[in-house]
Chemist: 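Structure incoming, see below.
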Amino acid sequence: MIIDIHTHPRWEDDEFLKHPAPEQADSMLATAARHGIDSVCLLGRFYPYPDEEGIRAINDATIGMVQRCPERVFGLAFLNPALEPDFLVGEIDRCLEAGLSGVKLEYEVNARDARLDLIMETVAARDAFVLHHSWYKTVQKAFQESDPSDIACLAARHPRTRILMAHLTAGGMRGVLDIQKHHNVSIDTSGSQPFSGLVEYAVNKLGSERVLFGSDYPIRDFASQLGRIEGAKLTDLERSRILSENAARMLKIPIPSLRS
Amino acid sequence: MSCKFTDTNVSFGTWPWMDFSLTTPASLVAQLESEGIQQAWISASESILFPDPDIPDERLFSAFAPHPSVIPVKTLNPVLGNWRESLELAVSGWGARLVKVYPNYHRYSLIDGPMGELATTLAARRIPLLIQMRVEDERNQYPLMKVSGVPAHEVATLAAIHPRLSIVVLSAYLSEIAVMTAGHNNVHADISFADSRDTLGHLLAATPPDNLLFGSHTPFLYTRSAVMKLAAGKIDAEPRRKIASGNAERVLAGATKLPY
C-alpha cells in the first residue's frame with residue numbers, strides 16, 4: 001500500500017483539463033497504479049493569487065476527482081489567506097463536507113502572517129490538517145513565500161493544528177531542524193530532484209512517524225520520487241510508515257481497510 | 001526490468017553541503033552494482049572546487065584502478081595555464097578516456113576563450129567531452145555560493161562549431177536537453193535531472209533515443225531514482241537498452257577506435 005500525499009491534477013496540460021473530473025481521476029489513478037501507488041492526495045490545480053471564484057473552481061475540480069473514487073483519491077481545499085475571512089471559513093466547511101481532508105496553502109501569504117490564524121483555528125476545530133508549501137530558496141523566491149522557519153513560527157502559534165510541511169529537499173537539513181521541536185509538524189519528501197541522504201536525515205531527526213511520501217506529480221515523475229524512498233537506507237518499518245501509514249493517519253483512513 | 005546500466009554520471013569524494021555515505025571506492029562500486037550498474041563513469045567531486053584538479057584526479061585514478069567496472073573521468077579546467085599538460089598526463093600517464101568540464105564553477109564560456117582549443121584538441125583525439133550542467137538545484141544552493149547552470153544555448157553552439165566532438169551533457173533539465181540535442185547528433189544527454197510526469201515520454205518527444213544516456217548523479221542523488229525512472233518509462237525494449245548502456249558504449253568506443 002502506497003499513498004502519495006502530495007500530487008496535483010495535470011495542470012500543465014490544457015487539453016487534459018478539458019476532460020471531466022472523473023476522467024481525470026481515472027487517468028491519474030491508472031498512472032499512479034502503474035508505479036505501484038494505490039492512493040493519491042490532490043492539492044489542487046495551483047496558480048498564483050486566485051480570487052474567490054478561482055478558489056471555488058480549483059476546489060470544485062478537486063472535489064470532482066475525489067468523489068469519483070473516494071477510497072483512493074483524497075484532496076485538500078486550496079485557499080488564499082488574503083481573501084475575506086467569512087469566505088475562507090465557508091470554503092473550508094464546504095470542501096470538508098464534500099469529502100476533502102484538509103487545507104493546502106501555497107505562497108499568497110507568508111506563514112507568519114496573522115491572516116492564517118483563522119484558517120489554522122478552523123482546521124484544528126474540524127480535526128483536519130494543513131499542508132503548507134515551504135522552501136529555502138537562494139533564487140526565484142516568490143514574494144511572501146514561506147520557508148521552514150516561517151512554518152515553525154506558524155506551528156508554535158497553533159500547536160493544536162496538524163501541519164504537513166511540503167518539500168523535504170527544498171528545506172534541507174536546516175528545514176528539518178527548524179521543525180524538529182514542533183511535534184505538530186510532519187514533512188513530505190517532495191521537492192526538487194531526489195537528493196540523497198535527506199530522507200534518512202529526516203527520519204533520524206524527526207522519527208519515521210513524521211515523514212510522508214510525496215511526489216509533487218505531475219511536476220515530478222512518480223518513479224524518480226518513489227526512488228528516493230526505495231533507495232534510502234531505511235528499515236522496512238520506517239519505509240512502510242513513510243509510504244503509507246503516516247499518510248493514512250494524516251488522512252484519517254483506517255489502514256486495514258486500505259489493505260483490503 | 002533486467003537491464004544492465006552504464007552510469008555516465010557518478011562522482012566520488014565529498015561535497016561541502018552533503019554527507020555522502022559512500023566514502024570508499026569499494027562501497028561506491030558495491031552500491032552501483034547493487035542497482036544493476038555494470039559500468040560507471042566516475043569523476044572526483046573535489047576537482048570542482050579544488051584549485052588544481054590534477055591532485056584529486058590522480059587520487060581518483062589510483063583509487064579506482066582495482067575496479068575494472070569504473071571508467072575514471074579527468075576533470076579539466078581550460079582556464080588553468082597547464083591544461084594541455086594536464087590533459088597529456090591524464091591520457092598518456094593515467095589512461096584517461098573521458099574528460100569532464102565545469103564551465104559554471106570554473107567561470108568561462110563554452111563558445112569563446114580557451115574552450116575552443118580544448119574542444120578542437122578533444123575532437124582530434126576522439127576524446128568525449130562531458131559537460132556537467134549543474135551539480136545542485138540552483139534554488140537550494142548555499143546563499144554565498146550561487147552557481148547558475150551552464151547555458152544550454154552555449155552547448156548547442158559548441159556542438160555546431162565542433163561537429164566531430166562527442167559531447168555528453170550531464171544533469172540537464174528536460175527543456176535544456178531538447179535545446180542541446182536538436183539537430184546535433186554529437187550531443188548526448190543523461191537522464192539524471194530530467195524529471196516530470198512521464199519523463200521518458202517527454203524526453204523522447206524531443207530527443208532521439210540514440211542521444212540519451214543513463215545517468216544517476218550518484219551520490220548527489222539517490223541512484224534508485226534514475227533506475228526506476230528508466231524502468232517505468234513507457235518505451236520499447238530496444239530504445240531502453242540503448243539508453244541504459246548501448247549509447248554509452250558507443251560514445252566510449254568512439255573514444256578509442258581511432259589512434260590519437
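Only this structure's heavy atoms are used, side chains among them; waters, hydrogens and symmetry mates stay out. Since we're looking at a predicted model, the values are computed, not measured. Lettering of chains follows the sequences in order, A, B, ..., and the numbering in each one begins at 1.
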Chemist: Measure from the side-chain N and O atoms of Asp221(A) to the backbone N and O of Asp195(B), and report whether any donor-acceptor pair falls under 3.5 Å.
Modeler: no

Chemist: Checking heavy atoms, do the side chain of Asp198(B), its backbone, both or neither come under 4.5 Å from chain A?
Modeler: backbone

Chemist: Measure distances from Gln140(A) to the heavy atoms of chain B and classify the residue's part below 4.5 Å as side chain, backbone, both or neither.
Modeler: side chain

Chemist: For chain B, find which of Ser215(A), Pro194(A), Gly191(A), Ala232(A) contributes the most heavy-atom pairs closer than 4.5 angstrom.
Modeler: Pro194(A)

Chemist: Which residues from residues 10-17 of chain B are near chain A, with near meaning under 4.5 Å between non-hydrogen atoms?
Modeler: none

Chemist: Given heavy-atom pairs under 4.5 angstrom as the criterion, report whether the side chain, backbone, both or neither of Thr31(A) touches chain B.
Modeler: neither

Chemist: Can you measure from CD1 (Ile219(A)) to OG (Ser196(B)) and round to the nearest 0.5 angstrom?
Modeler: 9.0 Å

Chemist: What heavy-atom pair brings Ala223(A) and Ala232(B) nearest, and what distance separates the two atoms?
Modeler: CB-CB, 3.8 Å

Chemist: With a 4.5 Å cut-off on heavy-atom pairs, point out which of Val199(A), Ile229(A), Asp216(A) contacts chain B the most.
Modeler: Val199(A)

Chemist: About how many Å separate CE of Met228(B) and CD of Glu230(A), when rounded to the nearest 0.5 Å?
Modeler: 5.5 Å

Chemist: Considering only residues two or more places apart or on different chains, which pairs with a residue in residues 187-208 of chain A satisfy ring-ring contact (aromatic ring centres under 6.0 Å, His included)?
Modeler: none

Chemist: Nearest 0.5 angstrom please: Thr169(A) OG1 to Arg139(B) CZ, how far?
Modeler: 10.0 Å

Chemist: Between Arg228(A), Lys233(A), His35(A), which residue shows the highest count of heavy-atom pairs closer than 4.5 Å to chain B?
Modeler: Arg228(A)

Chemist: Below 4.5 Å, heavy atoms only, C-beta onward: do Asn140(B) and Ser192(A) meet side chain to side chain?
Modeler: yes

Chemist: Leu226(A) versus chain B, heavy atoms under 4.5 Å apart: side chain, backbone, both or neither?
Modeler: both

Chemist: Please list, in residue-number order, every residue in residues 208-223 of chain B that has a heavy atom less than 4.5 Å from any heavy atom of chain A; write 'none' if there are none.
Modeler: Pro219(B), Phe220(B), Leu221(B), Tyr222(B)

Chemist: Just wondering, more than 12 heavy atoms not from Tyr49(A) lying within 6.0 Å of its OH?
Modeler: yes

Chemist: At a heavy-atom distance under 4.5 Å, which candidate from Gln193(A), Met173(A), Lys137(A), Lys141(A) has the highest pair count against chain B?
Modeler: Gln193(A)

Chemist: Under a 4.5 Å cutoff for heavy-atom pairs, which residue among Ser196(A), Gly231(A), Gly227(A) has the most contacts with chain B?
Modeler: Ser196(A)

Chemist: Using a heavy-atom cutoff of under 4.5 Å, enumerate the residues of residues 39-51 of chain B that contact chain A, numbered in order, or state 'none'.
Modeler: none

